[in-house]
Protein chains: 2
Amino acid sequence: MRKTKRVTISDIAALAGVSKATASLVLNGRGKELRVAQETRERVLTIAQQQHYQPSIHARLLRENRSHTLGLVVPEITNYGFAVFSYELENLCREAGLQLLISCTDENPGQETVVVNNLVARQVDGLIVASSMLSDSDYVKLSEQLPVVLFDRHMSDTRLPLVMTDSVTPTAELVERVARAHPDEIYFLGGQPRLSPTKDRLEGFKQGLERAGVALRPEWIIHGNYHPSSGYEMFAALCARLGRPPKALFTAACGLLEGVLRYMSQHGLLESDIHLASFDDHYLYDSLSVRIDTVQQDCRQLAYHCFEMLTQLVDENDPTPLQRHLPATLQWRHQASVSS
Amino acid sequence: MRKTKRVTISDIAALAGVSKATASLVLNGRGKELRVAQETRERVLTIAQQQHYQPSIHARLLRENRSHTLGLVVPEITNYGFAVFSYELENLCREAGLQLLISCTDENPGQETVVVNNLVARQVDGLIVASSMLSDSDYVKLSEQLPVVLFDRHMSDTRLPLVMTDSVTPTAELVERVARAHPDEIYFLGGQPRLSPTKDRLEGFKQGLERAGVALRPEWIIHGNYHPSSGYEMFAALCARLGRPPKALFTAACGLLEGVLRYMSQHGLLESDIHLASFDDHYLYDSLSVRIDTVQQDCRQLAYHCFEMLTQLVDENDPTPLQRHLPATLQWRHQASVSS
DNA sequence: CTGAAAGCGCTAACAC
DNA sequence: GTGTTAGCGCTTTCAG
């Protein structure tokens, strides 16, 4: 099985008694306006059918200089937000006749370089990246070769195309409310302090405190990385230091919250009255015993804008604006207030 | 920008003053044993470097008849289990120099056909599929063209290569314990009754009751489909019928449980003492107020076996066995018992 | 209306 | 040691 020689356009041309050129025209539906005899067309078509002719995509792609393929680079596909994003993006691609190539970096810049090179070697037509890099320089260089759209994270003052959820404002709003309830103690657990999500959410955190009239204490701010284990450890250390869980806590990403929740469940803290807040939502949060207020991103819109912008760039148009900040939604679970 | 003509092997051959053939040998590292002069080799290599030579993958793939690409078809990448599976599989592929193409079907056989055709048109070297089809006939036919490995679900008595978590046994064990605690009332919420996961888990459910000495009541078994909304509706209808939530419930998949939990949270049922059990685990279940006993699949092993089997088939070997059933783990959350 | 031929970029026989 | 050449399967002028 499957040793069968590929049936090529020459084969069906021969069988139909026409030339490759004619066959090609017919098979690409351009037979009509290009004056191929009705009868010839039908003959070619039915023969192609019978022989289960499938054009070689590689031959075709070799001619055009496109792969009809887009690359997506995310830290973790197992992260619910990125999964939803990927799902939406894949649908958009499919509808547009593009194939999406998804690669994960594990938040590891080294691996990110590897997978990006991979995708470039595969000649993707464009790239959408949630980068774990500290600098955009690799992508600036890469942008000379092919269109690159960054999303979810940005490097300082990058001028590359970018799609982000605006996180400062909603974080500030969220934190303000929490801080009003717990003016004496509210902690911030962040990821890598130099990555933009952490920075922006910290900025929002500070603004929120300010608006609530709460003076920031330096020890409230704790940094780790985006792995759940880091969230676990930061929270464990914090509990150890305080001799009890903190009264209120904001985690800058759902991975961190995952670690915190794991610690809490292992230590019987799930019924405690710690006030949790976080960036990123998850459908299961509705069912948790601890109530968690969150900032929810609109992954669908995120995907839509990334796609739209990238395809524009691939087609050599200039989408505007080149950097887009989308609004987020707050999910209040602590009281029966308006879930805006 | 990016209008720059591609630099080909002819270019660098010309620049190095050698023939394409020599350049090709050198660039593929076969220069050494094939007696290309050390000096020539270096010259070619440095020129290639300077020119940022990148071989055209399409040209290469046109020659070999391989795409170095595997296709993965899953119902939903946003489903945590499939996300973990995809993640593991992608790693295995990357390490093997393969590119993974992921497509989602939304549990929709029509869309499944579309995405599979897509992948076949892309000339994937092999296909891994969690199918929503009722019959394996499409895949039996497809297997004549390229290797196909089914996973997670199987069609009745299919002889195609298959990797599954053994679900009957662990489900029976799980249900037995639940049934001993609630011999008078234990419901089964399933997906499409004709899909194998539903059937197997129902079989396990029945065996569990039997072992517990509980007589099955037909009204305990309720079927819908795998969408969370279906879980929601089945559960809502059940509550309406009973005038209260059921005492014990087993859901056949995590999507269904998602719907049930949504209903429960919306109706203030999360603190009720309903005994929940389900197939498929999620890390957040540890943090729920309702305790849920689950059957946890080993996605990593699942991915490993699919990959190993498929690559064997691609290389025209005969992996054995051709159908593999992997063990599951029970996660008890109702009491401090051994979490096996 | 249809065919011949060139060429996309690469590799592998086979010469020299 | 290195060059010549053919051919992977397709599309697209350009001639009939």
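Every chain is numbered from 1 and lettered A, B, ... according to where its sequence line falls, protein lines coming before strand lines. In this text the structure is predicted, and so the values were computed from the model without any measurement.
Out of dG9(C), dC1(C), dT11(D), the shortest distance to the side chain of T8(B) is found at dG9(C). The listed nucleotides are dC8(C), dC1(C), dT2(D); the one nearest the side chain of T40(A) is dC1(C).
With a 4.5 Å cut-off on side-chain heavy atoms, V44(A) and V18(A) count as touching.
Protein atom CD of E64(B) is 18 Å distant from nucleotide atom P of dG9(C), rounded to whole Å. As rounded to whole Å, 12 Å separates atom P of dG9(C) from atom CD1 of I9(B). Look at CG on N65(A): it is 10 Å from P on dC10(C), rounded to the nearest Å. When the P atom of dA12(C) is taken as reference, atom CG of L25(B) falls 8 Å away, rounded to whole Å. The distance between atom CG of L62(B) and atom P of dC10(C), rounded to the nearest whole Å, is 12 Å. The distance between atom NE2 of H68(A) and atom C1' of dC10(D), rounded to the nearest whole Å, is 13 Å.
A salt bridge between E112(A) and R153(A) is absent, with no side-chain N of the basic residue lying under 4.0 Å from a carboxylate O of the acidic one.
For T113(B), the side-chain contact (heavy atoms from CB on, under 4.5 Å) partners at least two apart in sequence or on another chain are N117(B), M133(B). Applying the side-chain hydrogen bond (donor to acceptor under 3.5 Å, both in side chains) rule to S137(B) yields the partners S135(B); only residues at least two apart in sequence or on another chain are considered. Not counting sequence neighbours, R194(A) has no partner by the side-chain hydrogen bond (donor to acceptor under 3.5 Å, both in side chains) test. For L160(A), the side-chain contact (heavy atoms from CB on, under 4.5 Å) partners are D136(A), Y139(A), V140(A), S143(A), L150(A), T158(A), not counting sequence neighbours.
Of all heavy-atom pairs spanning A13(A) and A23(A), the tightest one is CB-CB, 4.0 Å.
For R43(B), the CZ atom counts as densely surrounded, since its 6.0 Å shell holds more than 12 non-hydrogen atoms of other residues, nucleotides or ligands.
Residues from residues 14-24 of chain B with heavy atoms under 4.0 angstrom of DNA chain C, sorted by number: K20(B), A21(B), S24(B). Of the residues in residues 42-60 of chain A, none lies under 4.0 Å from DNA chain C by heavy-atom distance.
Under the 30°/60° scheme for interplanar angles, the aromatic rings of F151(B) and F82(B) are found to stand perpendicular.
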